[in-house]
Trainee: 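The structure under discussion is supplied below as structure tokens; questions concerning it will follow.
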Amino acid sequence: MVQTLIFIKRMKGDIELHAPNGRTGGSMAKTVWIGDIQDGLHNGQTIELKGWIKRTRGSNKLRFVVLRDSTGDIQCVGKLTDLGEEVFEAMKGALIESSVILNGTVVESEKAPGGHEIVAQSFQIVGAVDPERPFPINKEALNVVDEDGEPMPGGSEFLLNNRHLYLRTSRMTTMLKLRSSAFGAIHNYFRNEDFIEYQAPNFVAGAVEGGSTLFEVPYFGETAYLTQSWQLYAEAAMPALERLYTIAPSFRAEESRTRRHLTEFWHAEMEMAWASNDEIMAHGEGVVRHIARTLLDEREAELSSIDRDLELVARYADNPYPRMRYDEAVETLQGMGVDVKWGDDLDYSKEKVLTQDFDVPHFLTHYPKIAKPFYHRVDTEDEKYVLCHDLLAPEGYGEIIGGGERTWSEEEILRRLDEEGTPREPYQFYIDTRAYGGVPHGGFGLGVDRVVSWLAGASHIREVIPFPRTSRRVKP
RNA sequence: GCCGAUUUAGCUUAGCUGGUGGAGCGUGGGACUGUUAAUCCCAAGGUCGUGGGUUCGAGCCCCACAAUCGGCGCCA
């Protein structure tokens, strides 16, 4: 199909936009972005700007209209003498979040926020906002604080109910940009390391995580479940692709009421043939550090705008992540007077104590076999342990990676299932994959939302996903 | 699943020992030619989450229910 190509100059070169040929009678494509204006690319030019009204102020002869688009904010000045009575009145009556097209001259101005402003020559409202129904999110709604007076815009019931409108406010827009860069960084990391992207089904027949609750879905007279992890299906493809990864949603029907949990979260998972626990961990460290580095390279201004300490993020990008065996962690905790005994799983309250002195993420390895499910491979050097790892983020953000070597021989996996009293039948396809050329292998799952939440310094994981799903909320 | 809270105008909230609810933002009207979350004046806007109880009288005390938030368990 023939399409009209419009080439637009942006900071990073030419961007191709595709407009339907002739059908709309002309192009709606936008050619000027606020971010570029504030970077000085349009000084002295007369331009056409398309955007939304963020705020207005002024007198009855001079109006200031702050416009926003996806790249930033800019102050526009409208003078009665330039615009004429009719257009000036329209500008005066335009409400917040009206969409507008404004023509004017870009000037440098020390008085304008950002250093530039536009002196308007024309002003046209595209989508008006009704005064009977003004944009409900105002500065008061954004002023939500918790009991300690800390800003907590993600915790307001009103903002959660109006999430579809909250998305366009500056904090949420910033979080979505950080999130995008994090997703891109994960793809780049694994592709650069010769991993192949691979998709597993979201409807599944059985559990992956022992103990985690599954969401049931009616499935043509049968019951299916929403996947908790791609792992079992990734292991099936491991002999074909050897190094594979995905970024996909996982679902867990846990009534967790914490700032680290969602019922639907984005899971970056990798699986790797011929790999030891140490080698898998090296990729876990590699991808997390690459995400931190990418955020600094691509989103420094955004991180600063939400008051994130850039030196802290740089520390996470530039330093190796130490490894600590489970036994050592337990001893450390006991030394701190924490009531924990060997064989206990380390819950969040203990993780928090353990990580309070960490200045970078730490791996915890070699958990007792009794604390982990059957697919974790037993350490041949000491069969009390399994070859696994968790990566714990500092600043109280908790576990961001869980992974390790998999039980790979058919004989051993059957023994582990029997030891646990887990029935074989639901895992028959998984056991089958061991019967034909099993090899040592492993992988990990990374909670993408958790990593973004941590690196952004968010007050709640809800802050970094557009429409959070928790045990109490599936709307909007 | 467990524990702890909250619910007053569109939003954010004040409300004393129980005696007919105040404000800021937003909206409408007015003033102002350089504002920076503009400012100043005026106005409209409330069956105080729902149901019941105590009382001469309930936003406030008691009970139930509902919605939501925070923390824990579990995990990414």
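So that the names make sense, note that chain A is the first sequence line, chain B the second, and so on, each numbered from 1. Quantities reported herein were computed from a predicted structural model and do not represent experimental measurements.
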Trainee: Between the base of B/rG73 and the ring of A/Y348 - centre-to-centre under 5.5 Å, planes within under 30° - is that a stack?
Mentor: no
Trainee: Using whole Å, what does the distance between atom P of nucleotide B/rC74 and atom CG of A/L262 come to?
Mentor: 18 Å
Trainee: Should A/K352 be listed as having a side-chain N or O under 4.0 Å from OP1 or OP2 of B/rC72?
Mentor: yes
Trainee: Using OP1 and OP2 only, check whether a side-chain N or O of A/N60 sits under 4.0 Å from B/rU33.
Mentor: yes
Trainee: Provide the full list of salt bridge (Lys or Arg N to Asp or Glu O under 4.0 Å) pairs with a residue in residues 101-110 of chain A, sequence neighbours left out, each pair given once.
Mentor: none
Trainee: Who are the side-chain contact (heavy atoms from CB on, under 4.5 Å) partners of A/H376, not counting sequence neighbours?
Mentor: A/K372, A/P373, A/V386, A/C388
Trainee: Tell me which pairs pass salt bridge (Lys or Arg N to Asp or Glu O under 4.0 Å) where either residue lies in residues 71-84 of chain A, with sequence neighbours left out.
Mentor: A/K54-A/D73
Trainee: Between B/rC74, B/rU68, B/rU12, which nucleotide has the shortest distance from any of its atoms to the side chain of A/R473?
Mentor: B/rU68
Trainee: Base, sugar-phosphate alone, or nothing: which one does A/E264 contact when heavy atoms must sit under 4.0 Å apart?
Mentor: nothing
Trainee: Does a side-chain N or O from A/H460 land closer than 4.0 Å to OP1 or OP2 of B/rG70, or not?
Mentor: yes
Trainee: If you measure from the P atom in B/rC32 to the same atom in B/rG46, how many Å do you get, rounded?
Mentor: 32 Å
Trainee: How close or far is atom C1' of B/rC72 from atom CG of A/D339, stated in whole angstroms?
Mentor: 16 Å
Trainee: Under 4.0 Å, counting only non-hydrogen atoms across every strand here, what does A/P131 touch: a base, just sugar-phosphate, or nothing?
Mentor: sugar-phosphate
Trainee: Rounding to a whole Å, what distance do you find between A/E157:CD and B/rG10:P?
Mentor: 14 Å
Trainee: Are the aromatic rings of A/F195 and A/Y245 close, with centres under 6.0 Å apart?
Mentor: no
Trainee: Under 4.0 Å, heavy atom to any atom of RNA chain B: which of residues 389-404 of chain A qualify?
Mentor: A/E399, A/I400, A/I401, A/G402
Trainee: Could you please name the option among B/rG70, B/rA76, B/rG34 that lies closest to any side-chain atom of A/R259?
Mentor: B/rG70
Trainee: How far does the C1' atom of B/rA37 sit from the matching atom of B/rG29, given to the nearest Å?
Mentor: 23 Å
Trainee: Below 4.0 angstrom, N of the basic side chain to O of the carboxylate: do A/R252 and A/E264 qualify?
Mentor: no
Trainee: Within this structure, what is the CG-to-P distance between A/L214 and B/rC75, rounded to whole angstrom?
Mentor: 14 Å
Trainee: When the P atoms of B/rG52 and B/rA43 are compared, how many Å lie between them, rounded to an integer?
Mentor: 37 Å
Trainee: Which listed nucleotide (B/rC75, B/rC11, B/rC69) is nearest to the side chain of A/F158?
Mentor: B/rC11
Trainee: Counting any heavy atom closer than 4.0 Å, what does A/D345 reach on the DNA or RNA strands: base, sugar-phosphate only, or nothing?
Mentor: sugar-phosphate
Trainee: Report yes or no: is there a donor-acceptor pair, N or O only, under 3.5 Å between the side chain of A/S256 and the base of B/rC74?
Mentor: yes
Trainee: Step through it carefully: locate the ring centre of A/F374, locate the ring centre of A/Y427, and say whether they are under 6.0 Å apart.
Mentor: yes
Trainee: Which nucleotide, B/rG1, B/rC74, B/rU35, lies nearest any side-chain atom of A/E254?
Mentor: B/rC74
Trainee: To the nearest angstrom, how far is A/I291 atom CD1 from B/rA76 atom P?
Mentor: 16 Å
Trainee: Return the 5'-most residue of the pair A/P113, A/K61 with respect to RNA chain B, ranking by each residue's nearest nucleotide.
Mentor: A/K61
Trainee: Rounded to whole angstroms, how far apart are CZ on A/F265 and C1' on B/rC74?
Mentor: 12 Å
Trainee: Below 3.5 Å is the cut-off: list the nitrogen or oxygen pairs between protein and nucleotides 24-26 of chain B, distance only.
Mentor:
{"from": "B/rC25", "atom 1": "O2", "to": "A/N138", "atom 2": "ND2", "distance (Å)": "3.4"}

Trainee: Without decimals, in angstroms, what is the distance between A/L346 CG and B/rC75 P?
Mentor: 11 Å
Trainee: Hey, is the side chain of A/R252 poking within less than 4.0 Å of OP1 or OP2 on B/rC74, counting only N and O atoms?
Mentor: no
Trainee: Taking side-chain hydrogen bond (donor to acceptor under 3.5 Å, both in side chains) as the definition, give me every residue that meets it alongside A/Y397, ordered by chain and number, with sequence neighbours left out.
Mentor: none
Trainee: How far, in whole Å, is B/rU27 from B/rC63 if one measures between their P atoms?
Mentor: 43 Å
Trainee: Would you kindly give the CG-to-C1' distance between A/N161 and B/rG49, to the nearest whole Å?
Mentor: 14 Å
Trainee: What residues, two or more places apart in sequence or in another chain, satisfy ring pair (Phe, Tyr, Trp, His ring centres under 6.0 Å) together with A/H164?
Mentor: none
Trainee: Return the set of residues passing side-chain contact (heavy atoms from CB on, under 4.5 Å) with A/A90 (not counting sequence neighbours), or none when no residue passes.
Mentor: none
Trainee: Not counting sequence neighbours, which residues clear side-chain contact (heavy atoms from CB on, under 4.5 Å) with A/S276? List them please.
Mentor: A/D278, A/E279, A/E405
Trainee: Where the side chain of A/T258 is concerned, which of B/rU68, B/rU35, B/rC74 is the nearest nucleotide?
Mentor: B/rC74
Trainee: Is the distance from the ring center of A/H389 to that of A/F363 below 6.0 Å?
Mentor: yes
Trainee: Looking at every strand, decide which applies to A/T81 at a 4.0 Å heavy-atom threshold: base, sugar-phosphate, or nothing.
Mentor: base
Trainee: Using the C1' atom as the point on both nucleotides, what is the distance between B/rU39 and B/rG45, in whole Å?
Mentor: 23 Å
Trainee: Could you tell me how far B/rA64 sits from B/rC3 if I compare only their P atoms? Round to whole Å.
Mentor: 14 Å
Trainee: State plainly whether the residues A/K111 and A/E117 are in salt-bridge range, i.e. N to O under 4.0 Å.
Mentor: no
Trainee: How does RNA chain B look in dot-bracket notation if pairs are Watson-Crick or G-U with both distances under 3.5 Å, crossing ones as [ ], other-strand ones as |?
Mentor: (((((((..((((.....[..)))).(((((.......))))).....(((((..]....))))))))))))....
Trainee: To the side chain of A/L62, which of B/rU33, B/rU35, B/rC2 is closest?
Mentor: B/rU33
Trainee: Taking N and O atoms by type only, does the side chain of A/E117 place a donor or acceptor under 3.5 Å from a partner on the base of B/rG34?
Mentor: yes
Trainee: Can you find a donor-acceptor N/O pair under 3.5 angstrom joining the side chain of A/R450 to the base of B/rC75?
Mentor: yes
Trainee: Only counting residues at least two apart or in another chain, list the ones meeting side-chain contact (heavy atoms from CB on, under 4.5 Å) with A/R55.
Mentor: A/R57, A/V66
Trainee: Base, sugar-phosphate, or nothing: which does A/R472 touch, judged by heavy atoms less than 4.0 Å apart?
Mentor: base
Trainee: Considering only the C1' atoms, how many Å lie between B/rC25 and B/rC61, rounded to the nearest integer?
Mentor: 33 Å
Trainee: Identify which one of A/R462, A/E255, A/E254 satisfies the side-chain contact (heavy atoms from CB on, under 4.5 Å) criterion when paired with A/H261.
Mentor: A/E254
Trainee: Side-chain donor-acceptor contacts of residues 340-347 of chain A below 3.5 Å, not counting sequence neighbours, with atom names and distances?
Mentor:
{"from": "A/W342", "atom 1": "NE1", "to": "A/D327", "atom 2": "OD1", "distance (Å)": "2.7"}
{"from": "A/D344", "atom 1": "OD2", "to": "A/K341", "atom 2": "N", "distance (Å)": "3.1"}
{"from": "A/D347", "atom 1": "OD1", "to": "A/S349", "atom 2": "N", "distance (Å)": "3.1"}
{"from": "A/D347", "atom 1": "OD1", "to": "A/S349", "atom 2": "OG", "distance (Å)": "2.5"}
{"from": "A/D347", "atom 1": "OD1", "to": "A/K350", "atom 2": "N", "distance (Å)": "3.2"}
{"from": "A/D347", "atom 1": "OD2", "to": "A/K350", "atom 2": "NZ", "distance (Å)": "3.0"}

Trainee: Just call it for A/Q75: base, sugar-phosphate, or nothing, with non-hydrogen atoms closer than 4.0 Å on any strand.
Mentor: base
